[in-house]
2 protein chains.
Amino acid sequence: MDVRTLCLGVLTLGDASGYEIKKKLEEEFAHFYDASFGSIYPALNKLQTEGMVDCTYEAQSKRPDKKVYNLTSEGRLALVKELSDHPSPDRIRSEFIVMMLFARLLPASHVSQVIDDRIASFEKSINKFQALCDGKNSGTSLFVSGYGVAIYETAMKYLQENRHLVEAEALLAQVQDNRINEFDAAD
Amino acid sequence: MDVRTLCLGVLTLGDASGYEIKKKLEEEFAHFYDASFGSIYPALNKLQTEGMVDCTYEAQSKRPDKKVYNLTSEGRLALVKELSDHPSPDRIRSEFIVMMLFARLLPASHVSQVIDDRIASFEKSINKFQALCDGKNSGTSLFVSGYGVAIYETAMKYLQENRHLVEAEALLAQVQDNRINEFDAAD
DNA sequence: TTATCCATGTAAGAAGTTACATGATTGA
DNA sequence: TCAATCATGTAACTTCTTACATGGATAA
């Protein structure tokens, strides 16, 4: 799955410009997939040459023209085919977790700060998903935003209840380092 | 954060070869970061030319030589500096979630199969993290594997309890498609 | 005998990000 | 006046994956 497929998918929800597709991704797919303009615009142009999408220009006063894309039947077929493969495993890239694993190398205060920030950002995500839940009628969107709420709530609660494990280790390592430094200083 | 940083991190746990670093990543960092040999070996070579790691050859009978790397003080410093930045938000790429969002385009049976598979794979992940929990003494590893258990358990439970939302929509769309096809056939 | 583990490496290519260019509009 | 929103696009660059090359040992 790539940005092209994602664009086709968004277009099943209605005609849209590249800019609108990007916005839709930020709202709807929040946290589960993202793409930049630098990948969306070329993808749409390529999809057009391949006949997967049609494009009509919408002139706008006081704004650049809008290129509104709509899915062709070939495009819809290609999307369904793409979605029919079994999904590859989720790919997660968490700098936060890596940092936690090496917490003993860092100042304890910094570790605490990072955890505080992470909890705050989880809270934001939960609110965002919650708002999405409330505004949604379709079963699938409800399912996905509910999934987001469930996972981020668990993650947040876990951090609150278990942060001491990491913080204790960071603190211990720091104390030991200081002791060594004191020994060094004493020499 | 990139593969280079990850290699430096693993080397704080003890000297290791590229191959061993890869294995360690698969065990310890499972699901939160991964890297292929094709990125690890070049990263280690570059780190060596930069003086971040030393390398000693270990001749092995009946096996190729092993290049065992160990962290230099510059390497440790660079790692700490890298980890001192605030971690960027987790990046998740979930084909599964995208597929759920477009479930209405797919055969209901296929959707059900995909959810079954996902539940099974979550179960595997939980067992893996659980085993990791049991085998670990350090607070940080316990924290991280516990985090994995908590999240995957939530995800699994959520799928079990809410899969009907997606399955119903896929089924409904399918029935409507069939109805249209019947109309078409009647013409 | 077939696959998997051990062990390192390279080269080609995919896929994306970042930064830039352009430029008016609107809200703080 | 400063930032953000709308709107599209390109080019350079980064980063990683995949596939290949090599080859003995071991387990099913």
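If you're wondering where the values come from, they're calculated on a predicted model, not measured in any experiment. Excluded from the calculations below are hydrogen atoms, water molecules and symmetry mates; all remaining heavy atoms, backbone and side chain alike, are included. Numbered from 1 within each chain, the chains take letters A, B, ... in sequence-line order.
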Electrostatic pair A:Lys66-A:Glu20, nearest N-O below 4.0 angstrom: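 Answer for the salt bridge query: yes.
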Basic-acidic side-chain contact under 4.0 Å: A:Arg4, A:Glu50: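 Answer for the salt bridge query: yes.
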Listed once per pair and sorted, the ring pair (Phe, Tyr, Trp, His ring centres under 6.0 Å) pairs that draw on residues 76-96 of chain A, sequence neighbours left out: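 Listed by first then second residue: A:His86-B:His110.
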What is the distance, to the nearest angstrom, from the [atom1] atom on [X] to the [atom2] atom on [N]?
| X | N | atom1 | atom2 | value |
| --- | --- | --- | --- | --- |
| A:Ile92 | D:dC16 | CD1 | P | 17 Å |
| B:Lys23 | C:dC6 | NZ | P | 6 Å |
| B:Lys24 | C:dC6 | NZ | P | 14 Å |
| B:Lys46 | C:dT8 | NZ | P | 20 Å |
| B:Lys66 | C:dA7 | NZ | P | 5 Å |
| A:Asp2 | D:dT17 | CG | P | 17 Å |
| B:Ile40 | D:dT15 | CD1 | P | 16 Å |
| B:Asp34 | D:dT15 | CG | P | 16 Å |

Residue closer to the 5' end of DNA chain C, B:Val68 versus A:Ser36 (nearest nucleotide): B:Val68
5' priority, DNA chain C, between B:Arg93 and B:Ser17 [closest heavy atom]: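 Its nucleotide being nearer the 5' end, the pick is B:Ser17.
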Return all side-chain donor-acceptor pairs below 3.5 angstrom for residues 23-32 of chain A, not counting sequence neighbours, or 'none' if the list is empty.
unit_1	atom_1	unit_2	atom_2	d
A:Glu26	OE2	A:Lys22	NZ	2.5
A:Glu28	OE2	A:Lys136	NZ	3.3
A:His31	NE2	A:Ser125	OG	3.4

Sugar-phosphate, base or nothing in reach of B:Arg4, heavy atoms under 4.0 Å: nothing
Shortest non-hydrogen contact between A:Arg118 and B:Ser88, atoms and distance: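 In terms of heavy atoms, the two residues are closest at NH2-O, 3.5 Å.
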Tabulate atom names and distances for all N/O pairs under 3.5 angstrom spanning the protein and nucleotides 9-11 of chain C.
unit_1	atom_1	unit_2	atom_2	d
C:dG9	OP1	B:Lys67	NZ	2.4

Verdict with reasoning, A:Thr12 to B:Arg104, per side-chain hydrogen bond (donor to acceptor under 3.5 Å, both in side chains): CA-CA 10 Å; A:Thr12 67; B:Arg104 75 195 182 294; 3.1 Å; yes
Which nucleotide in D:dA7, D:dC16, C:dA15 has an atom nearest any side-chain atom of B:Val3: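 Side chain of B:Val3 sits closest to D:dC16.
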A:Tyr158 (side chain) donor-acceptor with B:Phe143 (main chain) under 3.5 angstrom: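 Pair found, side chain donor or acceptor close to backbone of B:Phe143.
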Hydrophobic cluster (4.5 angstrom, side-chain heavy atoms) - remaining members for B:Leu77: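 When side chains under 4.5 Å apart are linked, B:Leu77 ends up in no cluster with other residues.
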Any A:Ser39 side-chain N or O less than 4.0 Å from OP1/OP2 of C:dA15: no
Side-chain N,O (B:Tyr19) to OP1/OP2 (C:dC6) below 4.0 Å: yes
Rounded to 10 degrees, the angle between the two terminal axes of the helix from C:dT1-D:dA28 to C:dA28-D:dT1, each from five pairs: 60°
With B:Tyr33 via ring pair (Phe, Tyr, Trp, His ring centres under 6.0 Å) - residues at least two apart: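 For B:Tyr33 there are no ring pair (Phe, Tyr, Trp, His ring centres under 6.0 Å) partners, ignoring immediate neighbours.
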